Amino acid sequence: MVGMRYNMTGGFSITGVCVAILTKKVTKVLQDDSVGLEVVIHTDNPELIPPQCLVASRRAQLSAVSHSLCGFAGLLHSGNLPNAQSAHHKEELLKAIKESQVALIVFSKNYATSRWCLNELVKIMECYKNENGKTVIPVFYDVDPSHVRYQSESFAESFAKHELQFKDDVEGMQKVKRWRTALCEAADLKGHDIRQGVESENIQLIVNQVLSKLCKTSVSYLRDVVGINIHLEEVKSQLKLEINDVRIVGIWGMGGIGKMTIARAIFDTLSYQFEAACFIEDIKENRCGMHSLQNILLSELLREKDNYVNNKEDGKHVIACRLPFKKVLVVLDDIDHRDHLDYLAGHPSWFGDGSRIIATTKDKHLIGKNDVVYEVSTLVDCHAIKLFNQYAFKEEVPDERFEKLSLEVVRHAKGLPLALKVWEEMKNNSNSEIVEKLRISYDRLETIQQDIFLDIACFFRGKVKDHIMQILESCYSGTNIGLCVLIDKSLVFISENNTTQMHDLIQEMGKYVVKMQKYSGEASRLWDVEDFEEVMVNDTTNNPFIGTKAMEAIWLQYIQKLCFSEKSMKNMRRLRILYIGGFHIHVDSIEYLPNSLRWLAFYHYPWESLPENFEPKRLVHLNLRFSLALHHLWTGTKHLPSLRMLDLSYSTNLMRTPDFTGMPNLEYLNLSYYSNLEERFPCVSGESLEYLYLHDCYSLDTFPEILGGMKLELEIKMERSGIRELPSSIQHLTHITKLNLKDMKKLVSLPSSICMLKSLVELDVSYCSKLESLPEEIEVGLEDGVFFVFPRVNEGLRSLEDLDLGYCNLIDGGLPEDIGSLSSLKKLYLIGNNFEYLPRSIAQLGALRHLYLSDCPNLKEFPQVNDGLRSLEDLDISYCNLMDGGLPEDIGSLSSLQKLHLDGNNFEHLPRSIAQLGGLQFLDVSNCTRLKELPDFILMPELYFLHLIDCMSLEEVHHSLGFFQKLTHLCLYNCKRLKRFPGMCIDSLKCIRTWGCSSLESYPKIIGTMKVESEIHMLDSVMCDLNSNSSFPHSLSQRIVSLQHDISDSDLLSLIRVFTIDHPKKKIPSWFHHQGVDTSVVSVNLPENWYVPDNFLGFAVCYSGELIDITAHLIPLCDDGMSWMTLELNLSRDSKCDTELSDYSECETELSDYSECDTEPTLHFFLVPFSSLWNTSKANGKTLNDYRLITLSFSGEMKKFGCRLLYKDDPELGETLLQMRENNDESTKRYIEIRSSRYNNSVHHDSVTNEASCSSSMKQRSHSNIHGRVARLFRNIATLSCKPKNLA
């Protein structure tokens, strides 16, 4: 007997004695993913089943079964009908019958001899009568239907035997009566008598009928698609399936109207009627070449995945040669080029008779003239209201309070399908009337709002809002209000990253409006290169652009050949925006630019100057960056009262600057990389100036003169310029907020007046290697020459927040004694200087948060804190050669300190008060080769990072470190004398590195709070296993990742801990008893009663390779296809915990020099928590022990794997493992087939040893309640983990 059932609700079963009813061709049809068919074979004599039907697990996907007709007939004639073998099989079969939608009963002469078949028939007929939607199809094979109906001939003989057997059994005779009734009812149904005719043809008719029922069920989702039935009937009428020709039908309409939904519905509904079918989705997005689409088509239709062709011309030939005798259904979704049809379905002769090709497109012209086009219409009002209510209110009839809103939105949408967002699913077509509906909203905008909308649609979509606002504000008044109106009308929205966006269909509508202007001779905007060339080259021909005065904006990202027509440019008297992003070559010169321009951006401007007749009185923005040919802007002075931004940066051949006196409102001036300046820098008005960028102007030797009053803020960047000194008059630039003088190699002095800049917030004079001091206060230093002395503060610079004096040759006295007067200072950079002592007043910097003193090799000591520096968060005193006493004894009073860099110093001991830094998160004492001990960490509960690299003299770390529940990174590289290290809390641990710690007696023990006891249970066992041969891991890291699951009763179990070990031997620890190699799917059969309440923790998994995504499935023994438990482990993604610690990412870089070159894969192991995998709502009444298989599917390469069931009480673990060993060694055909290709069943280990054998490796934990509990867990697991041996 064969039971065949569709895996999803609404499938079908085939019951009776049919073993091989499907031909190879139909089998391939059923193999389609959308069918998901499964075949189950039951018989008392498996030898009678065709060999190709036998599979190891006694279940198989249909792809493994290709039955022959002789096998079908042979089993029927053999008379070996199945009998009920167990109550379990009965329950499974009855469940299959009840859940199936179609029952196929195959009657033969010997059918009535089987009581099992007769009982099954009674159940089928009961379901047929009691449940709507059930279909029963009787098939009469080598038997007359009347013999079945009246129980005559062979049926009479069988019933005589049954009645004789039950003659003294009243209940048995009642059963016989039910059998007769069921046979009579089944025989009365419409079925198939296949005694006559060709058997294969009869079987094909049966299969077609079953598949038609199946397809009707499989497209049940269409009931929720509003209005789909109307479209289906229209397309079916266009397909004309009753005609045996090859036909191409186009489904045409605007974007978002539902073309793909209709095509998919047609495909799902009709594909069973064809020998093969293929649906290629979203063709226009293909980036792999036409031949890749051809390979997809051939693979799907020939049912053999392969790379058939390497170029599209060969593809045409192969399709035409391989498919002309095959009846196929092909759907090509969203074609946007004629090549898509030409190379995928170029001619009807390519396909067999009866084939149908369906193409969806937004462009009607892509469909052949002789082919049929179905235009998708908009929804009628009743359907539009129903659809809007579905999306907006999740119901068909919303609250009456929203009825008016629904009607208004639907009326505004004009019948478009996705009515929830009125504009989101509308797309123009140049010949479509639908586009005109879009203009309703556009026409209702005010003129300025229309202009802003068209600018964004044509030029600015996806650009940063602030930049767009600068452009728009140069052209229009009320820009902010206009943009808000567009947002309110859902025409524009601002993205999370502050870019201006609109739906692509809205953008197309805006461009359509401009294209319509073009055809009327009033085009207002140009963005297309071909249109631009038409304007500039064909200026003497009859083209629609010439003569127009409507052109307002030209925006070209790139053009191959650039040329400007003087005639055309003179006609553009309203041109306000001209943007040229780049070009390859240019022709002639530019003779004219419209004076109406407001925004001119021309990168790589190819001429020496702008046209002499260019007088742009309203020009707001002029950007000629990267213009290497530019020598000067113009001759003389031009009055540009509106100019606010001038950018000539990277124009390295500019010989002279323009006269800025004609630019009274200039706000932004950028002349960076202005390297060939031949004259003195002209005066600049400071009344409006906000930004002055002159960095990398090597020839500039004098500070520019800024005249007039100033605005509130002025930012000056002059790094790497050639200026020798700052004028004393700089004190009059009272509103300078940022002054960057970094790396000015010629700068020799700073005026004392610089300290009078009361608005100055940032000052950077770092790397000014020739900087000395005030001219009248030059002090002779050591043999190396003069040293810089920073001017006295004298209570000035009250607003200064950021001061960088790095590598300025500062010595003792170089910093002013009154530096503590900088009351607003937050960042102070003093790296790379030569002083021995710091001014005592530095401790008075109450606002200071960051102090950097690294690489000051002469520094003797850091001054006493004296309860100062209360705001200091980051202190870097690395590589200063500090000895004992170099750190102040009161360093512990830095109550806000979070990061402390002490690496590269020479002290042996740290001040005791350092243990009082309660807020410290980062401590680096690497390369302190003389350091012998570390402080008590008990008062540093916030410590995240601890670096002890190359601490050669360190022998022990204080045990208090084991209490830390926030420590994430611990680096112990090359601590050669380190012998003992306390336990490590894994609640937050991400990485521990121990490479080169050759004296370490044992690997740090892992402890934690109760919330991670399961992970501790696993981790401690694995580490004990690895350490049993005294070969410590080089590193252990942990990544916390989120799970994807749908737990119904808890949202707390959303994280999983993945541990990674870099171990010399690269072997799966033997603690993982179930091991294998090189497979993508791992399957483990579970023993009976494997789940023990309040004891089972989860599935411990280990594998080698890269971090990849893994999907876990827990599958029941009686698999109904609907009760699987699924958990997705996105191990390849970084967790939230990782990103939160991004401030410390530099630590990983620092360690890169210490990492070993090792290309071998690391070991990853983790615990799949039972509570995260189990979901009672999906169990369909099954208990946990009804689930007998767990599978793990790996998304990438995996070299080796191991798995183990983890329990709290390990004494029970030994027996469980033994049973698992037996279950995995014996035949498991009654379970689901194990799909791992090279699964190693030989590596099964029992972890039972005596406790004494590993007692030396188990150290006593803390006596706190938490640690006491953890210690007991360690002792329990230790008895199972230290010296594994094979099970006998």
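Predicted model, so just to flag it, every value in this text is computed and none were measured. Note: hydrogens, waters and symmetry copies are ignored here, and every other heavy atom, side chains too, is used.
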Can you see which heavy atom on [X] is nearest to which on [Y], and at what distance?
X    : Y    : value
Y605 : P611 : OH-CD, 3.9 Å
A629 : P606 : CB-O, 3.5 Å
N665 : P641 : ND2-O, 2.5 Å
L329 : L301 : O-CD2, 4.5 Å
V535 : S568 : O-OG, 2.8 Å
S474 : R598 : O-NH1, 3.0 Å

Would you say the side chain of [Y] lies within less than 4.5 Å of the side chain of [X], judging by non-hydrogen atoms?
X    : Y    : result
I319 : Q294 : yes
L332 : I280 : yes
L483 : I468 : no
L562 : L556 : no
Y603 : D647 : no
L270 : L239 : yes
F453 : V513 : no
K316 : W350 : yes

Can you tell me if [atom1] on [X] sees more than 12 non-hydrogen neighbours from other groups inside 6.0 Å?
X    : atom1 : answer
N370 : CG    : no
E530 : CD    : no
I494 : CD1   : yes
K236 : NZ    : yes

Could you go through D314 and H291, starting from their C-alpha distance and side-chain angles, then the distance that decides it, and tell me whether this counts as side-chain contact (heavy atoms from CB on, under 4.5 Å)? CA-CA 8 Å; D314 289 345; H291 70 281; over 6 Å; no
Residue list, side chain to side chain contact (heavy atoms under 4.5 Å, CB included) with C458, at least two apart or on another chain: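 For C458, the residues satisfying side chain to side chain contact (heavy atoms under 4.5 Å, CB included) (neighbours in sequence not counted) are K511, V514, R525, W527.
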Expected output: side-chain [X] to main-chain [Y] donor-acceptor under 3.5 Å:
X    : Y    : value
S299 : I296 : no
D268 : S271 : no
S355 : V328 : yes
D334 : I283 : no
T360 : A263 : no
T499 : S495 : no

Test ring pair (Phe, Tyr, Trp, His ring centres under 6.0 Å) applied to [X] - qualifying residues, sequence neighbours left out:
X    : answer
F351 : none
H604 : F626
F459 : W555

Residues forming a salt bridge (charged side-chain N to carboxylate O under 4.0 Å, His left out) with [X], sequence neighbours excluded:
X    : answer
R618 : none
E446 : none
R356 : D245
R644 : none

Could you tell me the separation between the NZ atom of K570 and the OH atom of Y592, rounded to the nearest 0.5 Å?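 Answer for the NZ-OH pair, K570 versus Y592, is 7.0 Å.
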So E552 and L454, side-chain contact (heavy atoms from CB on, under 4.5 Å) or not? Walk me through it. CA-CA 11 Å; E552 298 181 23; L454 292 181; over 6 Å; no
Output side-chain donor-acceptor pairs under 3.5 Å for residues 336-347, partner residues at least two apart or in another chain, one line each.
{"unit_1": "H337", "atom_1": "ND1", "unit_2": "D339", "atom_2": "N", "d": "3.0"}
{"unit_1": "R338", "atom_1": "NE", "unit_2": "D342", "atom_2": "OD1", "d": "3.2"}
{"unit_1": "R338", "atom_1": "NH1", "unit_2": "L366", "atom_2": "O", "d": "2.3"}
{"unit_1": "H340", "atom_1": "ND1", "unit_2": "D336", "atom_2": "N", "d": "3.3"}
{"unit_1": "H340", "atom_1": "ND1", "unit_2": "H337", "atom_2": "N", "d": "3.4"}
{"unit_1": "Y343", "atom_1": "OH", "unit_2": "E313", "atom_2": "OE2", "d": "2.7"}
{"unit_1": "H347", "atom_1": "ND1", "unit_2": "S349", "atom_2": "N", "d": "3.0"}
{"unit_1": "H347", "atom_1": "ND1", "unit_2": "S349", "atom_2": "OG", "d": "2.9"}

Which residues satisfy the side-chain hydrogen bond (donor to acceptor under 3.5 Å, both in side chains) test with K617, sequence neighbours excluded?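 K617: no side-chain hydrogen bond (donor to acceptor under 3.5 Å, both in side chains) contacts found.
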Kindly write out the residues that satisfy side-chain hydrogen bond (donor to acceptor under 3.5 Å, both in side chains) with Y668, not counting sequence neighbours, or none if the list is empty.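 Only N670 meet the side-chain hydrogen bond (donor to acceptor under 3.5 Å, both in side chains) criterion with Y668.
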Checking side-chain contact (heavy atoms from CB on, under 4.5 Å) between L619 and each of L646, L597, N595, L593, which is the one that passes?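 Going through L646, L597, N595, L593 one by one, the side-chain contact (heavy atoms from CB on, under 4.5 Å) with L619 is satisfied by L597 alone.
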Which label fits H621 and W599: parallel for a plane angle under 30°, tilted from 30 to 60°, or perpendicular past 60°?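 The rings of H621 and W599 lie parallel, inter-plane angle below 30°.
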Test E281 against R264 for side-chain contact (heavy atoms from CB on, under 4.5 Å), laying out the working first. CA-CA 10 Å; E281 204 169 301; R264 172 58 73 178; 3.7 Å; yes
Inter- and intrachain pairs under side-chain hydrogen bond (donor to acceptor under 3.5 Å, both in side chains), touching residues 462-472, at least two apart: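 Matches after skipping sequence neighbours: none remain.
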Does a salt bridge link R576 with D455, judged by any charged N lying under 4.0 Å from a carboxylate O?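 Yes, R576 and D455 are salt-bridged.
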Between E522 and S524, do the side chains contain a donor N or O and an acceptor N or O under 3.5 Å apart?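 Side chains of S524 and E522: no pair found under 3.5 Å.
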State whether a side-chain donor-acceptor pair under 3.5 Å links R625 with S649.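 Result is yes, a qualifying pair exists.
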In sequence, state the C-alpha distance, the side-chain angles, and the governing distance for E534 and D531, and then conclude on side-chain contact (heavy atoms from CB on, under 4.5 Å). CA-CA 5 Å; E534 184 179 0; D531 288 344; 4.0 Å; yes
